[in-house]
Protein chains: 2
Amino acid sequence: MGAKTDTREKILNTAASLFQKNGYHATGLNEIIRESESPKGSLYYHFPNGKEELAIAAVTLAGSMIQEQIEEKLARDSDPAQAIKHYILDLADSFEEENPDNQVSLSLLALEIAPIRDSLRDACKQVFELCADTYYRKLITCGFPEEKAKEISSIIFVMIEGAMSVSLVRNDPVMLVAVAEQISILLNN
Amino acid sequence: MGAKTDTREKILNTAASLFQKNGYHATGLNEIIRESESPKGSLYYHFPNGKEELAIAAVTLAGSMIQEQIEEKLARDSDPAQAIKHYILDLADSFEEENPDNQVSLSLLALEIAPIRDSLRDACKQVFELCADTYYRKLITCGFPEEKAKEISSIIFVMIEGAMSVSLVRNDPVMLVAVAEQISILLNN
DNA sequence: ATATATATAGACCACTTGATATATTTTTGT
DNA sequence: ACAAAAATATATCAAGTGGTCTATATATAT
């Protein structure tokens, strides 16, 4: 049964990576099975509902990988403003890398799949919530009042996703740097 | 020759609306000609390079419509923070409307088409620049120093696009309201 | 009025899409 | 060892894709 997990994970990892990088509609199932070297039969065995089920699993996987990365990187600095700024500057630094661990933007995939079906939208919402909550917990840990932490953490998430989108479109991470510079202003007011 | 403009514009308007709402890859040429009630021959007569050329024209059109809207709405309040906040709250208010004038998010379309080809990326960059520049000019008019205005206007654009993306995914405009509340903090620091 | 450019109309094409069906192999439990 | 379940492997499908082609209609200009 080790094989099961193997193939399933290979398909899922490949799908998540391609969906995140190129988008949902631009990624064909054939591309996924080719890249993951798995037959189509296995795809539909492990994901009987096909592409949509794969999308839910992919966005969830991508989200939890991002969440882990945020958590790790925020732990490096005790000051929350510095921690978040530090994290964003790292995103800018690793902007060119194709490494799937550095694929931080969820907007493209989420914008594409959320309207398809409620189950897909719900998965996206959950992933967004997970990411924002990671900032929230950092702020709470650092003594921010609950209300303020709730507010700011959402804004942080919005700013990072927005900056990533603009950076991807322009193929230039300077917008991430600009956002990083504004974080302290946001936290200290 | 009145007919020419008519058909061309009908195709372009339809394409822009569908691309913006549903995305580039999710929108088929057949859907565009059906919805615009134009034959395929006309599409390829007016846009010989097919879907990609249509995408460039569409993102440019959508961008200039958004730019006009921003400009109009920013003119309502003399105080820049109030003007921008007012504009964003209007976006939140009209979130449910399907009216193409209220389709303000460019992220989905831009994220999809920018990687296809440099000419498409360039068109997206130009549109982004156009929008950010509208905030910039408002800030300059209100006496902001050049450097600060440059910085802030980009951040505003990023925050609004980010908030629109999150709102679209969640199908809930509250994130726009949250961003609106932060504008004054950004401008006064 | 007629020739010419402009524009419309839609049939058609090769190709890809997501999905299904069926056959085969591999693993597991007894 | 053997039966049952799990998983893999393809061939195949209808529907849809973007794009091309040729024929026709509609203006425009002289």
Side-chain angles (χ1 to χ4, degrees), chain A residues 1-59 108-109 112-117 119-120 123, chain B residues 1-59 108-109 112-117 119-120 123:
Chain A
M1 194 191 265
K4 160 170 181 170
T5 331
D6 253 35
T7 304
R8 206 197 105 101
E9 286 206 351
K10 225 165 42 166
I11 292 172
L12 178 52
N13 286 331
T14 305
S17 176
L18 290 173
F19 282 162
Q20 224 184 322
K21 184 156 63 103
N22 304 331
Y24 178 76
H25 289 108
T27 304
L29 293 187
N30 295 324
E31 194 182 352
I32 294 172
I33 63 164
R34 193 186 332 118
E35 194 121 337
S36 67
E37 296 168 293
S38 315
K40 192 165 271 192
S42 297
L43 192 157
Y44 276 94
Y45 174 77
H46 294 291
F47 303 93
N49 288 346
K51 204 181 183 186
E52 292 185 10
E53 184 178 354
L54 203 42
I56 295 180
V59 78
L108 172 57
L109 178 53
E112 282 187 288
I113 71 176
I116 293 176
R117 196 177 294 278
S119 55
L120 303 204
Chain B
M1 192 190 267
K4 160 169 180 169
T5 330
D6 253 36
T7 304
R8 206 196 104 99
E9 286 207 351
K10 224 165 43 167
I11 292 172
L12 178 53
N13 286 331
T14 305
S17 176
L18 290 173
F19 283 162
Q20 224 183 323
K21 185 156 63 101
N22 303 329
Y24 179 74
H25 294 293
T27 304
L29 293 187
N30 295 324
E31 193 181 351
I32 293 171
I33 63 164
R34 194 188 329 122
E35 193 121 336
S36 68
E37 294 169 298
S38 316
K40 192 165 271 193
S42 297
L43 192 158
Y44 275 92
Y45 174 78
H46 294 291
F47 303 93
N49 288 346
K51 203 182 184 185
E52 291 185 10
E53 184 177 354
L54 204 42
I56 294 179
V59 78
L108 171 58
L109 178 53
E112 281 186 288
I113 71 175
I116 293 177
R117 196 177 294 277
S119 56
L120 304 204

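Here is the naming used below: chain letters follow the sequence lines, and residue numbers restart at 1 for every chain. The analysis underlying the following values was restricted to heavy atoms, covering all of them including side chains, and did not include hydrogens, waters or symmetry mates.
- Look at CG on B/Leu43: it is 16 Å from C1' on C/dT6, rounded to the nearest Å.
- Between A/Ile116 atom CD1 and C/dG18 atom C1' the separation is 12 Å, expressed in whole Å.
- Expressed to the nearest 0.5 Å, how far CD of B/Glu53 lies from CG of B/Leu43 amounts to 9.5 Å.
- Rounded to the nearest 0.5 angstrom, A/Glu35 CD and A/Ser17 OG are separated by 7.0 Å.
- Regarding contacts with the backbone of D/dG19, a side-chain N or O of B/Tyr44 is found under 4.0 angstrom from either OP1 or OP2.
- Nucleotide C/dT8 holds its C1' atom 8 Å from the NE2 atom of B/His46, rounded to whole Å.
- The structure places CD of A/Glu52 at 9.5 Å from CD1 of A/Ile113, a figure rounded to the nearest 0.5 Å.
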What nitrogen or oxygen pairs link the protein and nucleotides 10-17 of chain C at under 3.5 Å?
{"residue": "C/dG10", "atom": "O6", "partner": "B/Gly41", "partner atom": "N", "Å": "3.3"}
{"residue": "C/dT17", "atom": "OP2", "partner": "A/Asn30", "partner atom": "ND2", "Å": "3.0"}

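- Residue A/Ile11 holds its CD1 atom at 11.0 Å from CG of A/Asp6, rounded to the nearest 0.5 Å.
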If you look only at distance, which donor and acceptor atoms sit under 3.5 Å apart when one is on a side chain in residues 21-33 of chain B and the other is two or more places apart or in another chain?
{"residue": "B/Thr27", "atom": "OG1", "partner": "B/Leu18", "partner atom": "O", "Å": "3.4"}
{"residue": "B/Thr27", "atom": "OG1", "partner": "B/Gly23", "partner atom": "O", "Å": "2.6"}
{"residue": "B/Asn30", "atom": "OD1", "partner": "B/Lys40", "partner atom": "NZ", "Å": "2.9"}

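- C/dA7 atom P lies 20 Å from atom CD of B/Glu37, rounded to whole Å.
- One atom, OH of B/Tyr45, and another, C1' of D/dA27, lie 11 Å apart when rounded to the nearest Å.
- Atom pair B/Phe47:CZ and C/dA7:C1' shows a separation of 14 Å (rounding to whole Å applied).
- Closest non-hydrogen pair, A/Ala16 versus A/Ala58, comes out as CA-CB, 3.7 Å.
- With a 3.5 Å ceiling on both atom-pair distances, the Watson-Crick or G-U wobble partner of D/dC13 is C/dG18.
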Begin with the C-alpha distance, continue with both residues' side-chain angles, and end with the deciding distance and a verdict on side-chain contact (heavy atoms from CB on, under 4.5 Å) for A/Arg8 and A/Phe47. CA-CA 9 Å; A/Arg8 206 197 105 101; A/Phe47 303 93; 3.5 Å; yes

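- For B/Thr7, no side-chain nitrogen or oxygen approaches OP1 or OP2 of C/dA7 to under 4.0 Å.
- Across the protein-nucleic acid pair, B/Ile33 atom CD1 and D/dG16 atom P stand 13 Å apart, rounded to whole Å.
- What separates CD1 of B/Ile11 from P of C/dA7 is a distance of 12 Å, to the nearest Å.
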